[in-house]
Asker: 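Below is the structure I would like to discuss, written out as structure tokens.
In what follows, chains carry the letters A, B, and so on, assigned in the order in which the sequence lines appear, proteins first and then strands, with residues in each chain numbered from 1.
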Amino acid sequence: MAEINKAPRGTCDVLPQDSAKWQYVEDKMIETAKIFGFSEIRVPVFEHTEVFTKSVGDTTDVVQKEMYTFLDKGDRSITLRPELTAGVVRSVIEHGLLSGPMPLKVCYIGGCYRYEKPQAGRLREFHQFGVECFGAKSPAADAEVILLADHLLKNLGLKSYSLHINSIGCPECRKNYHAALKEYFRSQSDRLCGTCLDRLERNPMRILDCKSPVCSEIAAGAPVVLDYLCDECREHFEGVKSHLTAAGIDFSVDPHIVRGLDYYTKTVFEFVSTSLGAQSTVCGGGRYDGLIEQMHGAPTPALGFGMGIERLLMIMEAENAAMPESKKPDIYLAPMGEAAALKCTALCKALRDEGFIALTDITGRGLKAQMKYADKIGARFTMVLGDDELTANKGKIKCMESGEQTEISLDEIREKLYELAYYDGITADIDSLIK
RNA sequence: GUGGAUGUAGCUUAGUUGGCCUAAAGCGCCAGUUUGUGGCACUGGAGAUCGUGGGUUCGAAUCCCAUCUUCCACCCCA
């Protein structure tokens, strides 16, 4: 039974009192990406289902049991994007962006949809910031993308995070590794948990990730991917580490990082925070050199990451990271009577044209109630306009913090606010005035 | 999908051996306390089918069943 007054499970509303935080981090994200030469791309919330099954991988949990898939009225199988990389890759191929200057660097912010059981840091609709870099196979590219994420997290004031990297090699070296893994785990198969037995044939690398005490104990003795890398992959990984070190970034090599999406090759990495619950990864990504070709584009090396915005905000909350407060109204004009109301409308328009946040009464309530309201919304200044003011064309502008009142001509409100703006952090851009 | 906890006004809670509960308080909201000024105080008001649906009972917010939500963990991932 659908509830008309309840949001669907696993979704949440960003309420007016919180939207400033979202705007703040989203601005930082785009701004940081720009510093690294990434420009925003916007792609649809839904795609043809194949876009995801062919890229994310049809044996993955994401595709197998978490996608919102439906038939549209034209009998097309449509899926709400569970992540953004696939759609972005589709888009850059479709529009020939890979024939432009290389490397191509894009970033995005958007909602993702996964039918999961909600818990701390896990929602059915969640939002990701991410970047994708196409056409760069050098380890410097891997480092740059990782540096971007680190730069952003630092700039947002995060402290409790750490970077873990690994290389899962190219399809070539992974073949050998899978064989070695299977052999190892088969020898212990009687002790593995049920899900891991499943994984043994399908994707033995996932066993390394299992959190059951027995499995992780077994996994601890398993062959390590890094020992099975081909020369090229090993060299590449060494290069990534060198670049990170050169940039002075702390990281640890964690051979147990296995990403859950099929398209990854070579470098994979995660930014993990201790300020989160069980869902401790705030940012995850890696290289996917084979994906573009797999999606019928010209073979192009590529990599990127996704960062969970809700998780990021959770960390910032937990760590008391600095967040900007939403801007308060500069002035509230309190009319008394119909004639005054007209004047207030006119004055507000003039002030708003200058960029001030100017408010007036739209409920028809009494003066006292208006003053209370002005106080509650945090207006810096108020001015009462009644018949007296209209005839004299003068009024008292009141500073709500000090209670001080100054008599001014009604024609001077704009100038008065500009004057006050110099030392009171008022909203309108005072630079234009200085010029 | 599996497991554990939870659910009373917008928020935080009181109320549970079933009957003075036709549900209470604080905060918040609205309105007043000499149509001319907010923060304090006082007064009043609106606001809850006690998550929902069944059942037991003379009687259920209180007991039983189901269901949903939220939270937490597994799984998986951001």
Asker: Would A:R365 and A:Y373 count as a cation-pi pair here, with the cationic atom under 6.0 angstrom from the ring centre and within 45° of the axis?
Answerer: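 Yes; both conditions hold, so A:R365 lies above the ring face of A:Y373.
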Asker: Are OP1 or OP2 of B:A78 and a side-chain N or O of A:Q279 less than 4.0 angstrom apart?
Answerer: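 Indeed not, no polar side-chain atom of A:Q279 lies that close.
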Asker: Ignoring hydrogens, what is the shortest heavy-atom contact between A:I257 and A:I165? Give both atom names and the distance.
Answerer: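 The pair with the smallest heavy-atom distance is CD1-N, 3.9 Å.
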Asker: For nucleotides 27-34 of chain B, just jot down a letter per nucleotide in 5' to 3' order: B, S or -, based on protein non-hydrogen atoms under 4.0 Å.
Answerer: --SSS-B-
Asker: Could you go over nucleotides 3-9 of chain B and give all protein N or O partners under 3.5 Å, atom names and distances?
Answerer:
unit_1: B:G3; atom_1: O6; unit_2: A:K117; atom_2: NZ; d: 3.2

Asker: Taking only heavy atoms on the protein side, list every residue of residues 331-349 of chain A lying under 4.0 Å from any atom of RNA chain B, sorted numerically.
Answerer: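 Only A:M336 qualify.
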Asker: With heavy atoms under 4.0 Å as the rule, sort A:A120 into base, sugar-phosphate or nothing.
Answerer: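 If one applies the 4.0 Å heavy-atom cut-off, A:A120 turns out to touch the sugar-phosphate alone, with no base involved.
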Asker: Hey, can you pull the residues of residues 12-25 of chain A with a non-hydrogen atom under 4.0 angstrom from RNA chain B?
Answerer: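 None - not one residue of the stretch has a heavy atom sitting under 4.0 Å from the strand.
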Asker: Name all residues meeting the ring-ring contact (aromatic ring centres under 6.0 Å, His included) criterion together with A:Y184; count only those two or more places apart in sequence or in a different chain, and write none if there are none.
Answerer: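 Residues passing ring-ring contact (aromatic ring centres under 6.0 Å, His included) with A:Y184: none at all.
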Asker: Taking donor-acceptor contacts at under 3.5 Å, does the side chain of A:R311 reach the base of B:C77?
Answerer: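 Under the 3.5 Å cut-off, the side chain and the base do form a donor-acceptor pair.
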Asker: Do A:R174 and A:Y228 meet the cation-pi criteria used here (NZ or CZ under 6.0 Å from the six-membered ring centre, within 45° of the axis)?
Answerer: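 That pair does not qualify as a cation-pi contact.
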Asker: With no hydrogens and no angle check, is any side-chain donor or acceptor of A:N166 less than 3.5 Å from a backbone partner on A:V268?
Answerer: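 No.
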Asker: Base, sugar-phosphate, or nothing: which does A:G130 touch, judged by heavy atoms less than 4.0 Å apart?
Answerer: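 If one applies the 4.0 Å heavy-atom cut-off, A:G130 turns out to touch nothing in the nucleic acid.
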Asker: Between side-chain atoms of residues 301-322 of chain A and protein atoms elsewhere (two or more places apart, or another chain), which donor-acceptor pairs fall under 3.5 Å?
Answerer:
unit_1: A:E310; atom_1: OE1; unit_2: A:H127; atom_2: N; d: 2.8
unit_1: A:E310; atom_1: OE2; unit_2: A:H127; atom_2: N; d: 3.3
unit_1: A:E310; atom_1: OE2; unit_2: A:H127; atom_2: ND1; d: 2.7
unit_1: A:R311; atom_1: NE; unit_2: A:G121; atom_2: O; d: 2.7
unit_1: A:R311; atom_1: NH1; unit_2: A:T281; atom_2: O; d: 2.7
unit_1: A:R311; atom_1: NH2; unit_2: A:G121; atom_2: O; d: 3.0
unit_1: A:E319; atom_1: OE1; unit_2: A:K159; atom_2: N; d: 2.8
unit_1: A:E319; atom_1: OE2; unit_2: A:S160; atom_2: N; d: 3.1
unit_1: A:E319; atom_1: OE2; unit_2: A:S160; atom_2: OG; d: 2.4
unit_1: A:E319; atom_1: OE2; unit_2: A:S275; atom_2: OG; d: 3.1

Asker: Look at the side chain of A:E389 against the base of B:G36 and say whether a donor-acceptor pair falls under 3.5 Å; ignore hydrogens and angles.
Answerer: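 Side chain to base: pair found, below 3.5 Å.
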